[in-house]
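Step one of this worksheet: look at the structure below.
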Amino acid sequence: EGLLLRQQILAQAAESEALIEQIEEQREVIIAYYDLDLADQALETMRLMSEELGTMNSTMSSILAQANVVAKPPSVAQE
């Protein structure tokens, strides 16, 4: 369980870094859209980025929930 969780964390970290780079690149595109009075395209680009961030957040929350389960000590029945 711990190994699988570690793999998920590493994969998510790589995806997060890639998404951050993509957002930084898209920032210039959004500014260009506004400069060209293409606000609709700018807003659509920002909406798509927001969806991707939401997906990333959900995945991170799931990993955190799994980590909490793995970190809990097993219950010991008391007699």
Side-chain angles (χ1 to χ4, degrees):
E1 251 180 58
L3 182 59
L4 176 62
L5 185 59
R6 176 176 162 73
Q7 290 171 339
Q8 289 176 329
I9 290 169
L10 291 173
Q12 185 59 43
E15 289 178 25
S16 296
E17 274 194 46
L19 183 56
I20 289 168
E21 288 176 19
Q22 179 185 351
I23 289 170
E24 289 173 349
E25 291 168 5
Q26 290 293 329
R27 179 178 51 204
E28 296 301 318
V29 172
I30 291 168
I31 292 169
Y33 281 146
Y34 275 113
D35 288 344
L36 296 171
D37 291 328
L38 299 172
D40 290 342
Q41 284 89 339
L43 292 173
E44 179 63 14
T45 301
M46 291 189 313
R47 185 190 65 76
L48 292 172
M49 287 190 311
S50 178
E51 286 179 8
E52 291 181 28
L53 286 168
T55 299
M56 182 180 72
N57 187 42
S58 295
T59 303
M60 291 173 125
S61 293
S62 174
I63 291 172
L64 181 59
Q66 288 177 314
N68 287 334
V69 169
V70 170
K72 278 187 179 177
S75 297
V76 177
Q78 295 180 353
E79 295 180 23

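Residues take their numbers from the sequence shown, with the count starting at 1.
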TODO: Indicate if Leu36 and Val29 have the same hydrophobic cluster label, given that clusters are the connected sets of ILVMFWY residues with side-chain heavy-atom separations under 4.5 angstrom.
DONE: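 Yes: a chain of side-chain contacts under 4.5 Å links Leu36 to Val29.
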Open item on the list: Is there a path of hydrophobic side-chain contacts, each under 4.5 Å between heavy atoms, that joins Met46 and Leu53?
Closed with: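 Yes, because Met46 and Leu53 connect within a single hydrophobic cluster, where side-chain heavy atoms sit under 4.5 Å apart.
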- [ ] State, to 0.1 Å, how close Ala39 and Tyr34 come at their nearest heavy-atom pair, and which atoms those are.
- [x]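 For Ala39 and Tyr34, the tightest heavy-atom pair comes out as CB-CE2, 3.8 Å.
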Task: Considering all heavy atoms, the nearest Ile63-Gln8 contact - done: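 Heavy-atom minimum between the residues: CD1-O, 3.6 Å.
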Open item on the list: Do the side chains of Arg47 and Glu44 get close enough for a salt bridge, i.e. N-O under 4.0 angstrom?
Closed with: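 Salt bridge: yes.
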TODO: Verify, without hydrogens or angle tests, whether Ser62 (side chain) and Ser58 (backbone) share a donor-acceptor contact under 3.5 angstrom.
DONE: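 Checked: no pair found.
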Find the distance between [atom1] ([X]) and [atom2] ([Y]) and round it off to the nearest 0.5 Å.
X: Ile9; Y: Met60; atom1: CD1; atom2: CE; value: 9.5 Å
X: Thr59; Y: Leu64; atom1: OG1; atom2: CG; value: 12.5 Å
X: Glu24; Y: Gln26; atom1: CD; atom2: CD; value: 11.5 Å

Task: Non-hydrogen side-chain atoms of Ile30 and Met49 separated by less than 4.5 Å - done: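 The answer is yes, as the side chains (C-beta and beyond) meet within the 4.5 Å cut-off.
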Task: Heavy-atom side-chain proximity of Leu19 to Glu15 below 4.5 angstrom - done: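 A side-chain contact is absent here, since even the closest heavy-atom pair is not under 4.5 Å.
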